[in-house]
Amino acid sequence: MDFEFTEEELAFREEVENFARSEMPREIEEKAYLWPGGYGTLPIFEKEFEEFCRNFFLKLGKKGWLSLGWPEKYGGVNSIVKQAIVDDVLSYHRAPCAHAATSIVAPTLMRFGSDEMNNIWMPGIINGTTSFWLGYSEPDVGSDLGSVKTTAVKDGSEYVVNGQKIWSSGAHVTDYCWLLAKTDDSSKHKGMSLFIVDNNTPGVTIKPITNIAGIDSFNEVFFDDVRVPEKNLVGEKNNGFYYVMSALEHERIVIGFGTFRRILDELTQYVKEKKKAVGNTREYEEARNIIALMAIEVEVLKSFFWRTVWMMDNGHKANIEASALKLFCSELGVSLSNSAVDILGLYGQIDKGTKWTQFGGRAGIGYLDSISGPIGAGASEIQRVLIATRGLGLPRG
Amino acid sequence: MDFEFTEEELAFREEVENFARSEMPREIEEKAYLWPGGYGTLPIFEKEFEEFCRNFFLKLGKKGWLSLGWPEKYGGVNSIVKQAIVDDVLSYHRAPCAHAATSIVAPTLMRFGSDEMNNIWMPGIINGTTSFWLGYSEPDVGSDLGSVKTTAVKDGSEYVVNGQKIWSSGAHVTDYCWLLAKTDDSSKHKGMSLFIVDNNTPGVTIKPITNIAGIDSFNEVFFDDVRVPEKNLVGEKNNGFYYVMSALEHERIVIGFGTFRRILDELTQYVKEKKKAVGNTREYEEARNIIALMAIEVEVLKSFFWRTVWMMDNGHKANIEASALKLFCSELGVSLSNSAVDILGLYGQIDKGTKWTQFGGRAGIGYLDSISGPIGAGASEIQRVLIATRGLGLPRG
Amino acid sequence: MNFALTKEQKMLQKSIRQYIKKKCPNSLVKELAASEKGYSPELWKEMAELGWMGLVFPDEYEGSNFSFFDLVLFFEEMGYNICPGPLFSTLVLSGLPILNYADNKLKSEILPQISTGEIILTMAVTEENADYIPSSIKTSAIKEGDEYIINGTKLFVNDAHVSDYILCVARTDETPNPEDGVTLFMVNAKTPGVEISLMKNVTLEKPCEVKFENVKVPAKNIIGKLNNGWMIVNDTIEKAALVKSAEMIGGARGTMDLALQYAKERVQFQRPIGSFQAVQQHFANMWLGINGCRDLVYLAASKTAKGEHAEKEIAMAKARTGKIFREVTTLGHQIFGAIGYTMEHDMHLYRRQALSGDITFGNTYSQLDKIAVSLGL
Amino acid sequence: MNFALTKEQKMLQKSIRQYIKKKCPNSLVKELAASEKGYSPELWKEMAELGWMGLVFPDEYEGSNFSFFDLVLFFEEMGYNICPGPLFSTLVLSGLPILNYADNKLKSEILPQISTGEIILTMAVTEENADYIPSSIKTSAIKEGDEYIINGTKLFVNDAHVSDYILCVARTDETPNPEDGVTLFMVNAKTPGVEISLMKNVTLEKPCEVKFENVKVPAKNIIGKLNNGWMIVNDTIEKAALVKSAEMIGGARGTMDLALQYAKERVQFQRPIGSFQAVQQHFANMWLGINGCRDLVYLAASKTAKGEHAEKEIAMAKARTGKIFREVTTLGHQIFGAIGYTMEHDMHLYRRQALSGDITFGNTYSQLDKIAVSLGL
């Protein structure tokens with residue numbers, strides 16, 4: 001067993017680190033909250049950062065860093081480890097490094113898309129020009145994707161889409177929808193298909209929703225007689241639910257692992273400075289314990305992360321590990337925010353950008369945002385059921 | 001709202017305290033582990049303490065302290081508060097103060113038993129001569145009492161009992177079984193009846209089981225053609241399950257609240273002495289926090305306890321509160337034992353009665369015994385479901 | 001022993017609950033939280049007319065003569081539906097110390113104005129260290145003739161920006177024991193040299209920085225005695241911690257009730273989500289958490305109302321309630337899922353209340369210290 | 001990066017697992033735990049013949065030449081099925097320091113005897129304070145000619161009662177920094193003045209009190225250098241903490257597998273209990289707890305095997321594993337209910353292992369201190 005990066009990987013890490021230092025504006029690094037494990041403070045979902053992110057993705061595309069885990073044919077070097085290094089290093093700097101296009105759309109297209117389709121869509125994803133949002137959730141569909149109601153009805157060489165999506169992260173700052181819609185009413189899970197829909201198609205209305213952290217990160221999206229060309233159907237008709245499930249593993253390794261390291265470092269730094277100012281108080285002793293406990297959990301996440309990455313890189317099935325990674329990551333985001341609030345006390349309520357701001361104003365916002373982790377992208381309770389049933393073979397309830 | 005005892009109650013507390021000091025042998029007080037919230041270290045279930053307990057119950061009977069909560073007619077003064085004072089004060093001294101006869105049998109008889117039956121059984125319970133064990137659980141019946149298999153078949157003026165009970169706490173040190181048996185196969189919950197069965201009836205075989213703490217606290221009991229006189233049927237035939245459920249509230253307030261206070265006091269004392277010997281170390285600071293947290297939880301238990309007692313004394317339905325009390329009590333027993341082990345370190349493994357013994361050797365035994373709390377007499381998961389469904393009106397799953 | 005509330009207390013609870021629900025719906029809460037002022041002067045007037053401003057003052061100050069225990073109940077219900085504003089600062093942080101420690105002249109002057117809703121007050125304790133210990137009081141007050149000159153900066157002073165008076169905790173003497181040189185001054189907020197600015201924050205509170213630059217305060221504005229102010233501050237902060245705990249209990253109850261309604265109605269996988277065991281375990285934990293704190297609060301309130309020392313009981317109540325309210329909102333959010341994560345929904349109001357409640361007047365860890373001390377550790 | 005074990009490592013795991021399962025069934029574990037000796041001399045001989053006693057010794061000492069990483073894997077599997085005895089004391093607490101720090105003469109004399117299973121050893125570190133810090137070492141060794149005279153009392157010395165040699169940590173000099181005056185002696189357990197008695201305990205271990213009364217030890221029995229022993233002790237305790245963590249992971253896996261089998265078979269309310277959501281949440285938590293610790297252990301083992309400094313990694317592994325193993329047994333008991341609460345059942349063996357594993361070589365809280373130090377706090 002070997003936990004070290006190869007020489008080449010270390011050199012690559014260094015390269016990414018240098019890139020981040022030169023290309024990530026200090027100002028944005030400070031401004032973005034980016035709470036670990038949360039979904040509401042990601043710069044890629046925020047209008048304020050849209051232009052910056054679009055440019056940054058172009059740079060990443062130019063470097064070839066959006067496709068590292070993929071085969072050469074798709075601009076990659078077949079190294080999910082390298083892709084994870086980019087995630088780790090860039091997210092430490094609160095820089096964008098992945099989005100739905102790279103973590104969901106491309107892996108699905110490469111596996112299930114026709115050559116014709118891939119020739120159209122993959123280049124833009126690889127070079128960072130094309131962005132997507134995920135059109136899965138609906139008002140009455142929470143954890144139960146089987147009950148999607150949006151319909152896509154064939155009409156000549158087009159599909160006509162009607163329905164409503166919600167909680168659509170980044171729909172307002174991206175180009176295309178990766179749409180899950182009902183194409184066959186006679187079956188539940190087997191009656192759904194995936195489509196690519198241009199946000200600018202007539203009949204698509206995108207209304208941002210403000211999240212708990214005060215950020216418009218997600219949207220309600222309405223589809224009124226939206227006509228989608230047949231060639232935008234992904235893979236086989238009625239196979240959409242299966243495609244969605246198959247891609248989960250890929251989504252779940254994009255955890256922004258560096259954000260966890262960053263918060264731990266910053267909080268440790270805060271405690272050190274506080275000690276310098278106030279001395280060796282009981283609060284300091286307590287903060288010291290809290291940080292040691294946090295450090296262990298971040299180290300655990302690190303193992304879960306790299307083991308899952310390594311498994312995927314080496315062709316092992318990792319869906320239980322990916323579920324565990326998602327679950328652990330979400331729960332850790334919550335407990336880190338609790339730790340931060342406990343350590344900061346009254347300063348924990350102060351937002352960023354003031355003279356009293358401590359810890360980048362992240363404690364209070366993290367406390368608000370962190371609750372999105374255990375509820376988003378497969379709630380914690382459901383991940384636990386998955387581990388117990390699929391991972392440990394317990395009978396379904 | 002008033003959290004204080006009346007003058008009279010305070011005087012009574014004092015009286016019980018004095019009684020405990022004079023009547024509870026110091027040696028037994030030290031020897032009994034009696035971990036709070038556990039079921040396996042109660043002196044009343046231990047052969048070693050049988051004679052002492054029988055004598056002690058006689059003394060309690062003489063004082064009238066076994067029947068305080070009951071009507072005058074049954075030797076009582078209608079004060080569950082006073083009954084709880086006895087529980088609180090005596091359990092602090094690790095003295096017995098209640099058993100199945102007082103917490104289950106008598107409340108059920110008084111409510112559902114015939115005058116004839118009560119005339120036979122109540123006097124012995126009131127004066128402390130008669131003891132019972134509960135014949136509910138069976139090998140394939142854990143939390144699901146509805147599936148009891150032991151049968152009682154009418155034969156002339158007798159019932160013939162066949163079957164097996166298990167986890168029967170104290171069957172080996174008591175006189176009678178409070179037996180739940182199937183009397184009608186056509187219905188599940190409505191086909192069960194309660195009987196009183198003398199342990200000495202031919203066909204009753206009691207085999208002690210050694211528990212995790214090394215104590216024979218419970219038993220397997222076999223019934224082979226055991227003939228029980230018809231007059232020993234409690235209340236109406238086929239109403240047994242309902243009687244069992246009705247009595248739960250009474251059982252659940254017998255929590256030995258004083259044992260929690262005692263453990264907190266002893267652990268606090270241990271930490272003080274350790275500090276005197278070793279000084280103000282980081283371990284001391286940590287122990288200090290642990291004890292403060294424990295003290296809060298013991299205070300919470302105190303509120304749950306007295307509020308439930310008060311409710312019952314004042315004719316309020318308290319079954320949710322009683323469930324909560326049981327749940328909280330069990331879980332607190334576990335967390336107290338974890339705290340004790342964390343504080344004692346290497347000394348936590350040492351048993352009682354040696355020159356290296358600390359904290360009465362209770363940490364290690366408590367750590368073992370405490371797990372019985374959340375599994376016995378209605379597991380924690382089930383208590384939570386009860387609170388959610390009966391207490392908060394959530395639909396059953 | 002009596003765990004029941006009196007008929008009058010139940011009526012008080014009911015009237016507050018109904019009034020706040022009607023007059024301060026969550027849409028208004030959000031509006032007020034977003035506004036600079038942070039409260040509604042109309043509501044303020046109405047509440048004064050209802051007799052709430054002088055709830056615990058005697059008749060002579062146009063008060064309503066309720067007990068401290070009733071004040072605790074009052075704020076519990078205020079927390080259930082949430083009503084932002086300087087009520088806590090005025091009644092608890094300022095009204096109580098004036099009532100209990102000021103001289104008759106000051107009381108006669110100030111208390112009736114509180115009762116009638118004419119003035120708003122707050123107390124300025126914390127400074128850069130953001131804690132409630134006497135050695136952290138660096139703001140100084142130096143005597144010059146009949147006046148004191150105050151210099152220093154106070155932080156986290158809720159509602160100072162709308163206050164007419166600020167009770168300022170200042171150092172009047174350098175003593176070996178830092179609590180022996182602290183004095184409490186009532187400062188008119190309009191006095192030259194007082195500079196107030198809002199601190200940008202994420203809760204529903206309005207914390208302010210208050211700078212004192214050569215602020216002149218007449219000696220008669222001392223509350224209690226010279227150099228004897230810390231005892232008053234400590235007593236007030238303890239009571240505030242207790243009342244805040246009650247407010248948090250109310251908030252936690254509000255959270256649970258909100259989630260409960262949803263769990264009964266929301267269907268997933270063809271069943272109400274409240275029928276899933278995992279969800280039921282969450283609710284039982286909420287119930288247990290809340291009810292486990294509630295009597296801690298009532299016990300401490302009952303002792304305090306009788307004038308008994310309740311430092312340990314208050315510390316226990318505050319330590320556990322802050323933690324539990326936060327946990328209850330975490331569970332509540334878990335029940336609601338995405339909808340509860342929006343600004344439009346009401347859940348975040350409780351989530352914010354749990355944060356501000358927990359961190360003010362000493363969070364869990366600082367209360368543990370007090371408990372340990374009371375246990376002789 | 002490579003998270004896979006080698007074929008040889010997998011074979012090692014498999015052979016240990018199969019051997020222990022067959023030769024040391026839980027009935028024997030209980031028998032051994034109840035016996036005074038606490039181990040089976042027959043098994044001991046067999047294990048020596050399998051090459052396990054000298055697992056990490058080179059050929060010249062009749063060892064099997066495995067790596068430290070393999071030793072960690074070895075003890076993980078030993079923990080899975082549990083096999084009581086002085087293996088840990090002999091291999092880890094004694095074999096390692098002798099191999100790494102003793103002079104060639106001592107090594108040539110002792111290590112082959114360990115490899116062949118002829119001798120049993122243990123290390124005596126802790127005294128009354130029951131911790132692993134140099135200032136707690138009060139046992140003294142005073143030079144007289146070519147010998148040292150040892151006086152003092154050691155506590156919690158596992159397996160001393162069956163040991164041929166005891167590595168005794170003694171103070172040889174009073175220095176400002178207490179770790180500068182500590183020396184490690186190899187003491188023949190039969191030397192006059194050595195008095196050993198079992199400490200009555202509730203785990204499967206056999207902790208002893210070892211009294212040294214004017215015990216004479218030749219100077220050549222010093223392991224390492226005079227006054228330089230603490231470094232060796234510290235290194236050994238760190239490695240022991242790591243190997244113990246591995247053993248605990250094995251035990252936690254054993255617990256989960258035991259409970260898992262039961263949850264699939266046991267029917268309540270007409271369903272296997274493993275189909276209840278509340279039970280499933282428990283199992284997911286066990287899985288997450290265990291797997292979250294396992295790589296911490298492997299990471300620390302991998303660093304240590306390479307000779308790198310791994311103090312922080314070891315502290316993390318030990319801190320978390322001790323806690324998780326205890327929690328996993330709590331959950332395991334919750335699954336089993338009453339049956340798991342009996343002496344007859346196997347659950348309590350794991351429950352006991354979790355206790356002894358957690359408290360030896362520094363429990364969670366003492367490891368946190370090391371982690372904080374390594375973070376610069």
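Here the structure is a predicted model, which is why all the values come from computation and not from measurement. Residue numbers begin at 1 in each chain, while the letters A, B, ... track the order of the sequences.
Under a cut-off of 6.0 angstrom, the local environment of CD in C:Q261 is sparse, with at most 12 non-hydrogen atoms contributed by other residues, nucleotides or ligands. Heavy atoms from other residues, nucleotides or ligands lying under 6.0 Å from CD of C:E265 number more than 12. For NZ of C:K323, the number of neighbouring non-hydrogen atoms (other residues, nucleotides, ligands) closer than 6.0 Å is 12 at most. Other residues, nucleotides and ligands contribute at most 12 non-hydrogen atoms within 6.0 Å of the CE atom of C:M11. By the 6.0 Å contact criterion, CZ on B:R390 is open, its count of non-hydrogen atoms from other residues, nucleotides or ligands being 12 or less. By the 6.0 Å contact criterion, NZ on B:K302 is open, its count of non-hydrogen atoms from other residues, nucleotides or ligands being 12 or less.
Looking at B:R396, the atoms closer than 4.5 Å to chain C (heavy atoms on both sides) all sit in the backbone: N, CA, C or O. Only the side chain of B:T389 comes within less than 4.5 Å of a heavy atom of chain C; its backbone N, CA, C and O stay farther away. For C:Q281, the parts sitting under 4.5 Å from any heavy atom of chain B are the backbone and the side chain alike. Only the side chain of C:M256 comes within contact range of chain B, judged by heavy atoms closer than 4.5 Å. Looking at C:K306, only its side chain comes within 4.5 Å of chain B, counting heavy atoms on both sides. Neither the backbone nor the side chain of C:F276 has a heavy atom closer than 4.5 Å to any heavy atom of chain B. For chain C, the nearby part of B:I387 is the side chain; its heavy atoms alone come within less than 4.5 Å. Of the atoms belonging to C:V279, not a single heavy atom falls under 4.5 Å from chain B. Contact annotation for C:D369: both backbone and side-chain heavy atoms come within less than 4.5 Å of a heavy atom of chain B.
Heavy-atom minimum distance, B:M1 versus C:S302: O-OG, 4.0 Å. In terms of heavy-atom proximity, C:L377 sits nearest to B:V271 at CD2-CG1, 4.0 Å. Scanning all heavy atoms of the two residues, the minimum distance from C:Q280 to B:V385 falls at OE1-CG1, 3.5 Å.
Taken to the nearest 0.5 Å, the CG atom of B:L394 stands 12.5 Å off from the CD atom of C:Q277. With values rounded to the nearest 0.5 angstrom, B:K272 atom NZ is found 7.5 Å from C:L375 atom CG. A distance of 7.5 Å separates CD in B:E321 from CG in C:N291, rounded to the nearest 0.5 Å. Interatomic distance, B:L327 CG to C:L288 CG, rounded to the nearest 0.5 Å: 5.0 Å.
In this structure, the side chains of B:I296 and C:L368 come closer than 4.5 Å at one or more pairs of heavy atoms. Side-chain contact between B:F3 and C:D295 is present, with heavy atoms from C-beta onward closer than 4.5 Å. Taking 4.5 Å as the limit, some side-chain heavy atom of B:E299 sits within range of a side-chain heavy atom of C:L296. Between C:M1 and B:D2, every side-chain heavy-atom pair lies at or beyond the 4.5 Å cut-off. Between B:M311 and C:F3, the closest side-chain pair of non-hydrogen atoms is not below 4.5 Å.
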(message) Walk me through whether B:E297 and C:R320 qualify under side-chain contact (heavy atoms from CB on, under 4.5 Å).
(response) CA-CA 9 Å; B:E297 299 308 300; C:R320 193 173 194 272; 3.0 Å; yes

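In terms of non-hydrogen atom pairs under 4.5 Å with chain C, the most contact-rich of B:F328, B:W310, B:F5, B:Y284 is B:W310. Chain B forms the most heavy-atom pairs under 4.5 Å with one residue out of C:N285, C:N2, C:V373, and that residue is C:N2.
Within residues 285-295 of chain B, the residues having any heavy atom under 4.5 Å from a heavy atom of chain C are, by residue number, B:R288, B:N289, B:I291, B:A292, B:L293, B:A295.
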